[in-house]
Each structure stands twice: as C-alpha cells, then as structure tokens.
Amino acid sequence: MLTPRTELDTRLDATARTWLDHALTEATTRQPAWETRFATAGRHCGRHNADPVRALLLTAARPDPPTLTRLYHHGSAAERRALLLALPHLDSLTPPTAALPLVEDALRTHDTRLIAAALGPYAAQHLDAHSWRHAILKCLFTGVPLDTVADLERRARGDRELARMLTDYTAERTAAGRTTPPDLTRVQTLTGEPPKET
C-alpha cells in the first residue's frame with residue numbers, strides 16, 4: 001500500500017509529479033490545502049494511483065485523530081478506503097488505537113471494499129477479539145474473501161468462541177437451505193475445530 005515515491009514517479013506524468021510535489025509539501029507543513037489534495041488525488045494522479053498517493057499524503061501530514069476522523073467522515077468511499085489501507089503506516093497516532101472507531105464504522109457498512117480495507121494489519125493488531133470475530137462473520141456474510149484479512153491464521157488459531165459462532169452460522173444457513181461459503185470451512189479448521197460432517 002505504501003508505494004515508494006520513486007516507484008510512484010515512474011507511473012505519473014510530469015504534471016502529476018509536480019502536483020504531488022506541491023501536495024506533499026503542503027502535507028508536510030500541514031497547510032490546510034493538503035486535505036483538498038487528499039480528496040482530489042484520483043483526479044490529478046489517476047484513479048489507479050489514488051490509494052498510494054493518499055497514503056503518502058497521510059504519512060507526510062501525520063494527522064492527529066480528529067483530522068483523520070474528519071477526512072474519513074467527509075470523504076468518498078474511495079477516500080475512506082485509502083485512509084483505512086494507510087492506517088498501518090500512521091505511526092503518529094496517539095494513542096495507537098485512536099483510529100479504531102473508523103475501522104468499526106467501516107465494518108458496520110455493507111461496502112465490501114471498505115470491509116476488506118478495514119481488516120488490514122491495523123485491525124489485526126488493535127481490534128478486540130469480540131469485534132474481530134464478528135468481522136469474520138461479516139466477511140462470510142458479504143462475500144469478502146478471507147485472504148484479505150490480515151493475520152487471519154494467528155488470530156483464528158485455537159479460538160473456541162469463533163468456532164462456536166461459525167458452527168451456529170453454518171447451522172442457520174443449512175436450516176435455511178443455503179450453502180456455506182468455502183472460506184467458512186477454512187477458518188473453522190484454523191480454529192482447531194473442523195466443521196462437523198453433515
């Protein structure tokens with residue numbers, strides 16, 4: 001996610017590189033204009049470069065929690081996704097868990113892009129067990145691949161409560177005549193309690 005500037009420069013034309021130079025200067029010196037640059041990154045650097053450009057701006061600006069929260073809540077879905085993806089690189093957050101409300105907000109949505117972005121390394125490190133388990137169920141329910149969940153094996157290993165929740169989820173789907181997603185068997189096995197044969 002945090003693409004080195006030199007690599008990003010090879011993908012940008014001269015106009016976009018100049019725009020990014022100005023944007024990073026504004027972010028580093030915390031000029032108010034950098035927040036507008038964050039919002040318009042896709043327009044100036046291309047949509048396929050917007051995530052890494054926004055990550056660079058965030059790491060340069062080192063925003064405090066109120067600024068981060070404002071960017072998230074005022075941003076488009078694409079801006080929110082980029083912010084969530086950048087969270088592991090924001091070592092300026094004090095306390096380190098300050099962005100958890102943003103992760104929790106994303107997990108309450110039905111936007112699969114936001115759910116996937118929210119379950120990166122930041123959530124793996126800071127999300128409490130109860131919320132993390134429900135996030136796994138949300139992934140299964142919405143079809144978000146569990147490959148996108150950071151540190152899945154470590155967090156699922158030996159989690160008996162997660163195994164119980166997955167068993168209940170399987171029973172509910174079976175009773176409703178619905179199939180279970182393939183990822184369910186995978187995560188159930190990781191808990192150390194493979195699904196029972198039906």
Side-chain angles (χ1 to χ4, degrees), residues 1-3 7 42 47-52 54-55 58 68-69 72-73 75-91 93 95-198:
M1 171 60 193
L2 191 57
T3 305
E7 180 184 336
R47 283 190 299 175
H48 55 292
N49 294 317
D51 284 350
R54 287 178 173 134
L58 287 169
L68 205 61
T69 299
Y72 177 87
H73 286 294
S76 65
E79 291 162 47
R80 292 181 179 196
R81 176 179 176 274
L83 187 151
L84 292 165
L85 289 171
L87 288 178
H89 308 289
L90 302 183
D91 56 8
L93 283 177
T97 56
L100 273 178
L102 307 183
V103 170
E104 292 163 352
D105 181 85
L107 293 174
R108 286 191 293 269
T109 73
H110 291 284
D111 187 326
T112 55
R113 297 185 314 154
L114 291 184
I115 295 168
L119 289 172
Y122 182 85
Q125 183 175 359
H126 298 296
L127 202 62
D128 66 70
H130 176 78
S131 299
W132 187 83
R133 291 177 188 126
H134 282 278
I136 295 302
L137 286 176
K138 185 72 173 272
C139 287
L140 294 170
F141 181 76
T142 59
V144 173
L146 292 185
D147 283 340
T148 64
V149 178
D151 222 358
L152 175 68
E153 291 190 18
R154 179 186 67 81
R155 292 211 57 169
R157 189 179 300 120
D159 190 334
R160 298 254 178 130
E161 178 60 16
L162 178 59
R164 183 197 64 76
M165 293 169 69
L166 294 171
T167 297
D168 290 348
Y169 177 71
T170 301
E172 289 172 10
R173 291 189 69 87
T174 301
R178 297 178 180 175
T179 59
T180 55
D183 270 347
L184 190 147
T185 301
R186 174 189 171 198
V187 71
Q188 182 100 48
T189 301
L190 287 174
T191 67
E193 298 193 19
K196 296 178 176 62
E197 295 294 332
T198 56

Open item on the list: Tell me which one of Val149, Leu114, Ile115, Asp183 satisfies side chain to side chain contact (heavy atoms under 4.5 Å, CB included) with Val144.
Closed with: Ile115

Task: Within 6.0 angstrom of His110 NE2, more than 12 heavy atoms from elsewhere - done: no

Task: Nearest heavy atoms of Ala106 and Leu84, plus distance in Å - done: CB-CD1, 3.6 Å

Open item on the list: If we ignore hydrogens and angles and just use 3.5 Å, is the side chain of Arg80 paired with the main-chain N or O of Tyr72 as donor and acceptor?
Closed with: yes

- [ ] Decide yes or no for Leu68 and Leu93: does some side-chain heavy atom of the first lie under 4.5 Å from some side-chain heavy atom of the second?
- [x] yes

TODO: Could you tell me whether a side-chain N or O of Arg155 sits under 3.5 Å from a main-chain N or O of Trp132, the two making a donor and an acceptor?
DONE: no

Open item on the list: To check you understand the geometry: which heavy-atom pair defines the closest contact between His126 and Thr97, and what is its length?
Closed with: ND1-CG2, 3.7 Å

Task: Straight-line distance of His134 NE2 to His130 NE2, nearest 0.5 Å - done: 3.5 Å

TODO: Without swapping roles, check the side chain of Ser131 against the backbone of Asp128 for a donor-acceptor pair under 3.5 Å.
DONE: no

- [ ] Indicate the atoms forming the closest heavy-atom contact of Arg154 with Ala124, along with that distance.
- [x] NH2-O, 3.3 Å

- [ ] Applying salt bridge (charged side-chain N to carboxylate O under 4.0 Å, His left out), run through Arg186 and Asp147 and close with a yes or a no.
- [x] CA-CA 11 Å; Arg186 174 189 171 198; Asp147 283 340; 2.7 Å; yes

Open item on the list: Do Arg173 and Pro181 make a side-chain contact, defined as non-hydrogen atoms from C-beta onward lying under 4.5 Å apart?
Closed with: yes

Task: Spatial distance of atom CG (Leu146) from atom CG (Leu119) [nearest 0.5 Å] - done: 9.0 Å

- [ ] Work out which heavy atom in Ala99 is nearest to a heavy atom in Tyr122; give both atom names and the distance.
- [x] N-OH, 3.1 Å

Task: Gln188-Thr185 side chain donor-acceptor pair, cut-off 3.5 Å - done: no

Open item on the list: Between the side chains of Asp159 and Arg164, is the shortest nitrogen-to-carboxylate-oxygen separation below 4.0 Å, so that they form an ion pair?
Closed with: no

Task: Atom pair CG (Leu102) and CG (Leu87), whose distance is rounded to the nearest 0.5 Å - done: 7.0 Å

